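If you read the sequence from its start, that first residue is 1, and numbering goes on from there. Note that the structure is a prediction, hence the values are computed from the model and not measured.
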Amino acid sequence: PRAATLRPTPSTPHADCCPVPPTLDRKGQRSVSEPESVSTVPRPQGRYVPAVVHDGIAYSAGMTPRRDGVLTVTGVVGRDLDIPRAREAAGLAARNAIAAVAAAVGGTAAISRCLRMSVFVACAPDFRELSAVADGASDVLVECLGPAALPVRSAIGVYALPSGAPVEIELTVAVSA
């Protein structure tokens with residue numbers, strides 16, 4: 001059977017993740033994963049494009065937790081960052097991946113199915129809660145695209161990520177014609 005096209009749900013009135021009032025953390029600072037419009041495409045930090053579309057599949061570049069081109073958090077999970085902070089960072093990186101593919105395909109309405117998400121976590125050698133961090137990215141997919149958006153997923157612990165980012169997300173989606 002053909003996969004269902006993602007549609008807004010009652011909990012996600014707009015598939016484009018409408019802006020909402022800022023979420024504040026315990027210190028009263030803006031949360032790194034607060035919902036924002038996914039219309040802002042992250043600027044590449046090197047010689048690559050944010051997303052590529054080929055034969056009905058869109059692939060995002062690796063996206064880190066950046067806002068306006070600035071990395072919002074750095075460090076190693078399990079050493080410098082705890083799980084809740086790392087989950088927030090994963091959420092923002094996922095939001096950036098959605099923005100990249102949405103811009104490449106003409107908006108989130110053209111995304112018919114999320115296929116795969118790879119979540120890379122810069123972590124301490126003894127850190128084992130990779131899935132808990134990756135759930136922050138999965139939560140954002142559901143928030144922005146609905147429950148049918150959940151793809152297969154890998155959570156991979158690595159030694160280091162670009163610019164000291166704690167997480168990096170790659171997203172692959174099917175595009176409707």
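- Here the CG atom belonging to L141 is positioned 6.0 Å from the CG atom belonging to L171, to the nearest 0.5 angstrom.
- Looking at every heavy atom in both residues, A148 comes nearest to R113 through O-NH1, 2.5 Å.
- Other residues sharing the hydrophobic cluster of V158, ordered by chain and number and joined by side-chain separations under 4.5 Å: F120, I156, L161.
- In terms of hydrophobic clustering, with Ile, Leu, Val, Met, Phe, Trp and Tyr side chains grouped at heavy-atom distances under 4.5 Å, V119 and M63 are assigned to different clusters.
- Here CG of N96 is found 9.0 Å from OG1 of T40. Values are rounded to the nearest 0.5 Å.
- The distance from atom CG of D80 to atom OG1 of T74, rounded to the nearest 0.5 Å, is 7.5 Å.
- The closest side-chain heavy-atom distance from V173 to I57 is not below 4.5 Å.
- Shown here are the side chain to side chain contact (heavy atoms under 4.5 Å, CB included) partners of A93, two or more places apart in sequence or in another chain: P65, V167, I169.
- Sorted by first and then second residue, the salt bridge (Lys or Arg N to Asp or Glu O under 4.0 Å) pairs with a member in residues 51-65 form an empty list; sequence neighbours excluded.
- Under the side chain to side chain contact (heavy atoms under 4.5 Å, CB included) criterion, P84 pairs with D82, not counting sequence neighbours.
- Residue A89 comes nearest to V73 through the heavy atom pair CB-CG1, 3.6 Å, listed as atom of the first residue, atom of the second, then distance.
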Less than 3.5 Å apart, which donor and acceptor atoms pair up between the side chains of residues 124-139 and the rest of the protein, not counting sequence neighbours?
{"residue": "R128", "atom": "NH1", "partner": "P125", "partner atom": "O", "Å": "2.8"}
{"residue": "D135", "atom": "OD1", "partner": "R153", "partner atom": "NH1", "Å": "2.8"}
{"residue": "D135", "atom": "OD1", "partner": "R153", "partner atom": "NH2", "Å": "3.2"}
{"residue": "S138", "atom": "OG", "partner": "R153", "partner atom": "NH1", "Å": "2.9"}
{"residue": "D139", "atom": "OD2", "partner": "R87", "partner atom": "NH2", "Å": "2.7"}

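- Other members of a hydrophobic cluster containing L71 are absent, since no ILVMFWY side chain comes under 4.5 Å of it, directly or through relayed contacts.
- Around the OH atom of Y159, the shell of radius 6.0 Å holds no more than 12 heavy atoms that belong to other residues, nucleotides or ligands.
- The SG atom of C114 sits 6.5 Å away from the CD1 atom of I98 when rounded to the nearest 0.5 Å.
- Side-chain atoms of L81 and V76, non-hydrogen and from C-beta on, never get closer than 4.5 Å to each other.
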Applying side-chain contact (heavy atoms from CB on, under 4.5 Å) to V152 and L115, what does each step give before you reach the verdict? CA-CA 6 Å; V152 298; L115 302 173; over 6 Å; no
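- Under the 4.5 Å side-chain heavy-atom criterion for Ile, Leu, Val, Met, Phe, Trp and Tyr, V175 and I111 are members of the same hydrophobic cluster.
- Heavy-atom minimum distance, E168 versus P162: OE1-CD, 3.8 Å.
- Atom CZ of R66 and atom OG1 of T72 lie 9.0 Å apart (nearest 0.5 Å).
- Scanning both residues, P50 and P42, for their nearest heavy atoms gives CG-O, 3.7 Å.
- S112 places a side-chain N or O within 3.5 Å of a backbone atom of A174 that can act as its donor or acceptor partner.
- The two residues R95 and C144 make their nearest non-hydrogen contact at NH1-SG, 3.3 Å.
- Taken to the nearest 0.5 Å, the CZ atom of R116 stands 10.0 Å off from the CD atom of E170.
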